[in-house]
Amino acid sequence: MDKFVTHTGTAIPLRRSNVDTDQIIPAVYLKRVTKSGFEDGLFSAWRSDPEFVLNKPAYSGATILVAGPDFGTGSSREHAVWALQNYGFKVVLSSRFADIFRGNSQKAGLLTVILPQEAIEEIWQLVESEPQTSVTVDLDAKNVRIGSKIHAFQIDDYTRWRLMEGLDDIGLTMKKIDEVSAFEGKRADFKPKTLPALQ
Amino acid sequence: MSKTLAEKIWADHIVSSAANEPDLLYIDLHLIHEVTSPQAFDGLRLAGRPVRRPDLTIATEDHNVPTLNIDQPIADPVSKLQVDTLRANCKEFGVRLHSLGDSQQGIVHVVGPQLGITQPGMTIVCGDSHTSTHGAFGALAFGIGTSEVEHVLATQTLPLIRPKTMAINVEGTLKTGVTSKDIILAIIAKIGTGGGQGYVLEYRGSAIRALSMEGRMTVCNMSIEAGARAGLIAPDETTFAYVKDKPHAPQGADWDAALSYWKTLNSDADAVFDKEITINADDLEPFVTWGTNPGQGLPLNSNVPNPADITDAEERGAAERALTYMGLTAGTPLKSVAVDTIFLGSCTNGRIEDLRAAADILKGKKIADSVRLLVVPGSAKVRLQAEAEGLDKVFLDAGGEWRNAGCSMCLGMNPDQLKPQERAASTSNRNFEGRQGKGGRTHLVSPLVAAATAIRGTLSSPSDL
């Protein structure tokens with residue numbers, strides 16, 4: 001996973017609430033067995049509309065998605081995170097993220113930042129009037145800077161450290177594998193096993 | 001210190017815990033399917049890691065599989081590659097797999113309980129958000145992404161931040177024709193699709209106690225539609241009786257030890273939940289969704305809502321978009337809405353009791369000429385059981401289609417999809433835009449409403465027949 005410390009880019013306003021992961025990437029696009037190439041399916045139903053914000057030339061090259069509340073609800077498909085990353089997004093801003101989507105984004109290195117809805121509204125208005133406005137998302141300082149405004153955000157220290165160091169969770173857990181073995185030694189015998197297969 | 005049920009299960013699975021770090025939690029059972037696992041197995045191969053506990057892992061083919069002609073190779077080459085990849089991965093890493101055609105194949109959340117590997121007090125994960133289904137047994141069960149699938153395959157653990165707890169008390173007695181599906185749709189309409197974010201839900205109260213295990217699974221299944229990763233119900237005699245004769249149930253002295261542990265699995269009387277809400281079961285009616293998220297639901301006797309009546313600007317905008325997408329006009333009685341397709345199936349409502357309830361209404365009747373009825377059992381075993389009871393004949397005689405097991409039209413990854421603007425009454429769990437096929441329009445309903453709707457051709461409850 002790449003380290004994330006700070007990112008500066010332009011932003012796209014996505015004025016919709018409850019954008020579920022079926023909208024981010026419909027199920028028919030989930031059949032690939034790799035982690036790449038999912039940008040084709042990103043918001044595919046909406047992208048057929050020329051007026052959809054991702055189709056507007058003014059926003060081409062944007063790397064920060066500014067979304068309405070409850071972004072990423074529904075299915076646990078991490079493909080939604082890969083699709084956003086494959087398309088070029090580094091950060092998503094919203095006032096509320098669905099739990100599984102947020103967890104997936106933090107594992108895959110897509111930064112999800114929670115800001116109050118008033119801040120989201122303010123950023124929407126700014127980037128709608130000036131699409132090329134530069135936005136900086138600073139994980140080290142825990143703020144989003146746009147024009148003269150600084151919006152502070154909260155993130156737990158552990159996730160922040162892991163993202164800033166680009167650390168992979170499995171590697172971190174492997175350092176505790178003796179504790180896992182010790183736990184296994186104490187598990188109750190009645191707990192079910194899938195093998196041998198009983199039917 | 002007194003604890004809620006979720007807190008007890010959490011505490012019993014902590015491998016390590018440190019300040020300012022997530023807890024490392026042990027996972028008792030990992031369920032696998034073809035869509036969210038290939039990249040995880042790839043990750044293991046790249047790092048040269050084995051599956052740590054193949055004996056706590058089980059796979060099935062469900063999301064992609066066709067429900068017709070299953071004795072022939074899968075026609076869609078991309079779906080076939082994904083299923084073949086699962087088969088190769090399970091063989092290479094020693095994971096038990098129930099393939100298409102196998103009598104234990106089916107939707108992963110139907111297969112676990114029917115094998116008896118879903119038991120009280122367990123931690124259960126799967127790369128599928130409807131893993132919350134298994135919470136019906138008093139297990140802490142939740143969906144995970146592919147990175148976490150790889151983490152569990154490699155370590156049998158997950159680093160997790162402890163969620164908050166919410167009690168949902170459902171008190172009273174359901175009227176005839178009102179089901180567990182209506183309970184959960186009413187809960188989601190009340191708390192909203194984000195209401196459960198950050199919480200584990202515990203469903204309690206007399207109306208929950210009165211439900212069968214299958215009814216409880218329907219409730220827990222849709223916890224994620226309220227934004228909660230997990231929802232659970234304390235195990236009781238209904239739970240123990242359901243597990244007892246299943247293939248993987250503990251035997252002999254193990255059963256006694258398990259039972260005495262399971263009986264401790266309830267929230268202490270003085271345990272404090274972070275949030276608590278109450279629903280009156282006496283007042284509930286058959287529910288139906290009118291919009292494009294599962295929180296946009298109303299009793300079937302209502303009219304399509306008018307967005308202008310909604311004060312919250314964001315919700316009003318969402319309702320306007322939803323009505324446009326759904327092709328509905330404010331003020332229209334929901335019962336006058338004509339549908340094209342009825343889908344009876346999914347991990348929400350594809351179990352034997354669901355099929356029995358629908359067949360009971362369809363017996364000796366014909367579906368409306370204007371509709372198609374697709375009946376897709378949740379597992380091959382449910383299909384066999386239904387055939388032994390003659391339910392397949394009821395559906396076929398009524399004019400319906402009797403299919404093989406899989407996720408099917410719930411998410412339309414296989415050929416079972418809605419066409420643009422086609423309208424469905426569906427017993428599944430999500431009415432998102434395009435979920436059941438690009439441009440398709442979904443109304444979520446119970447199996448009883450699905451059956452009555454199939455007969456009348458418009459959204460209906462059994463009392464309308």
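Chain naming here is simple, since letters A, B, ... match the order of the sequence lines and numbering starts at 1 in each. These numbers come from a predicted model, not from an experiment.
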The interface call for B/Tyr261 against chain A, heavy-atom contacts under 4.5 Å, is side chain
At a heavy-atom distance under 4.5 Å, which candidate from A/Thr173, A/Leu195, A/Thr159, A/Thr194 has the highest pair count against chain B?
A/Thr194
Winner by heavy-atom pair count (cut-off under 4.5 Å) against chain B, out of A/Leu30, A/Asp99, A/Asn104
A/Asp99
Less than 4.5 Å to any heavy atom of chain B: does that hold for the side chain of A/Glu179, its backbone, both, or neither?
both
Between B/Glu225, B/Lys381, B/Glu150, B/Glu315, which shows the greatest number of heavy-atom pairs under 4.5 Å with chain A?
B/Glu150
Over 12 non-hydrogen atoms of neighbours within 6.0 angstrom of CG in B/Asp312:
yes
The interface call for A/Trp82 against chain B, heavy-atom contacts under 4.5 Å, is side chain
Chain B contact via A/Pro69 - which portion, at a heavy-atom distance below 4.5 Å:
side chain
Let's go through A/Trp46 and B/Glu433 carefully: what are the C-alpha distance in whole Å and the side-chain angles of both, what is the deciding distance for side-chain hydrogen bond (donor to acceptor under 3.5 Å, both in side chains) to 0.1 Å, and is it a yes or a no?
CA-CA 10 Å; A/Trp46 298 338; B/Glu433 288 181 26; 3.0 Å; yes
Is the NZ atom of B/Lys246 crowded by more than 12 outside heavy atoms at less than 6.0 Å?
yes
Mind jotting down which residue pairs meet the side chain to side chain donor-acceptor pair (under 3.5 Å) criterion with at least one end in residues 9-18 of chain A? Sequence neighbours excluded, please.
A/Arg15-A/Glu121, A/Arg15-A/Glu128, A/Ser17-B/Glu314, A/Asn18-B/Thr193
Chain A interface, residue from B/Leu411, B/Ile224, B/Asp28, B/Thr85 that has the most non-hydrogen pairs under 4.5 Å:
B/Asp28
Determine the option with the most heavy-atom pairs under 4.5 angstrom with chain A, choosing from B/His63, B/Gln251, B/Gln82, B/His248.
B/His248
In terms of heavy-atom pairs under 4.5 Å with chain B, the winner among A/Leu172, A/Asp70, A/Val28, A/Thr21 is A/Asp70
Measure B/Thr157 against the heavy atoms of chain A and call it side chain, backbone, both or neither at under 4.5 Å.
side chain
For chain A, which residues from residues 123-131 of chain B have at least one heavy atom closer than 4.5 Å to it?
B/Gly127, B/Asp128, B/Ser129
Per-residue contact mode, A/Tyr29 against chain B (heavy atom under 4.5 angstrom)
neither
B/Leu115 portion near chain A, given a 4.5 angstrom heavy-atom threshold
side chain
Restricting to non-hydrogen atoms, name the atom on A/Phe97 and the atom on B/Gln197 that form the minimum distance, rounded to 0.1 Å.
O-OE1, 3.1 Å
Other residues, nucleotides and ligands only: do more than 12 of their heavy atoms fall within 6.0 Å of NZ on A/Lys3?
no
Side chains of A/Gln199 and B/His98 in contact at under 4.5 Å (non-hydrogen atoms):
yes
Are the side chains of B/Thr146 and A/Lys107 in contact, using a 4.5 Å heavy-atom criterion?
no
B/Asn20 vs A/Tyr158 side-chain heavy atoms within contact, under 4.5 Å:
no
Quick one, A/Pro26 and B/Lys438 - any side-chain contact, counting heavy atoms below 4.5 Å?
no
For each of A/Thr34, A/Thr73, A/Asp157, tally heavy-atom pairs with chain B at distances under 4.5 Å, and name the one with the top tally.
A/Thr34
Any chance you could measure B/Phe142, atom CZ, to A/Ser76, atom OG, to the nearest 0.5 Å?
11.5 Å
May I ask you to name which of A/Ala45, A/Gly74, A/Ala108 has the most heavy-atom pairs under 4.5 Å with chain B?
A/Gly74
Taking only Lys NZ, Arg NE, NH1 and NH2, and the carboxylate oxygens of Asp or Glu, determine whether A/Lys31 and B/Asp76 approach each other closer than 4.0 Å.
yes
With only heavy atoms counted, which part of A/Ser181 is less than 4.5 Å from chain B, the side chain, the backbone, both or neither?
both
Under 3.5 Å: donor-acceptor pair, side chain of A/Glu184, backbone of B/Tyr26:
no
Indicate the atoms forming the closest heavy-atom contact of A/Lys176 with B/Ser16, along with that distance.
CD-OG, 3.6 Å
Only pairs of heavy atoms separated by less than 4.5 Å count here; which of B/Arg229, B/Gln417, B/Gln156, B/Arg430 has the most with chain A?
B/Arg430
Just by distance, with hydrogens left out, do A/Glu78 and B/Thr36 show a side-chain donor and acceptor under 3.5 Å apart?
no
Heavy-atom side-chain contact between B/Gln119 and A/Lys191 under 4.5 Å:
no
To the nearest 0.5 angstrom, please state how far the NZ atom of A/Lys35 sits from the OG atom of B/Ser147.
5.0 Å
Which atoms of B/Thr57 come close to chain A, meaning under 4.5 Å heavy atom to heavy atom: side chain ones, backbone ones, both, or neither?
backbone
Does a side-chain N-to-carboxylate-O contact under 4.0 Å join A/Asp22 and B/Arg435?
yes
Would you check if B/Arg96 and A/Pro196 make a side-chain contact, meaning some heavy-atom pair closer than 4.5 Å?
no
Of the backbone (N, CA, C, O) and the side chain (C-beta and beyond), which part of A/Ala188 lies under 4.5 Å from a heavy atom of chain B, both, or neither?
neither
Using salt bridge (charged side-chain N to carboxylate O under 4.0 Å, His left out), reason through B/Glu21 and A/Arg162 one step at a time and then give a plain yes or no.
CA-CA 11 Å; B/Glu21 274 186 31; A/Arg162 215 173 43 74; over 6 Å; no
Tell me, with the steps shown, if A/Val180 and B/Thr155 meet side chain to side chain contact (heavy atoms under 4.5 Å, CB included).
CA-CA 8 Å; A/Val180 177; B/Thr155 70; 5.5 Å; no
Stepwise, does the side chain to side chain contact (heavy atoms under 4.5 Å, CB included) test hold for A/Arg77 with B/Val35?
CA-CA 9 Å; A/Arg77 58 189 70 163; B/Val35 179; over 6 Å; no
Within a strict 4.5 Å, meaning less than it, do heavy atoms of the B/Glu148 and A/Asp169 side chains meet?
no
Would you check if B/Ile161 and A/Asp156 make a side-chain contact, meaning some heavy-atom pair closer than 4.5 Å?
yes
Could you tell me which portion of B/Pro163 (side chain, backbone, both or neither) has an atom closer than 4.5 angstrom to a non-hydrogen atom of chain A?
neither
Toward chain B, the part of A/Phe190 with a non-hydrogen atom under 4.5 Å
both
Find the distance between CZ (A/Arg187) and CG (B/Asp12) and round it off to the nearest 0.5 Å.
11.5 Å
Winner by heavy-atom pair count (cut-off under 4.5 Å) against chain A, out of B/Leu81, B/Leu29, B/Ile144:
B/Ile144
Specify which of A/Met174, A/Arg96, A/Arg102 makes the most heavy-atom pairs with chain B at under 4.5 Å.
A/Met174
Do you know which of B/Gly317, B/Ala258, B/Gly295, B/Ser37 has the most heavy-atom pairs with chain A at a distance under 4.5 angstrom?
B/Ala258
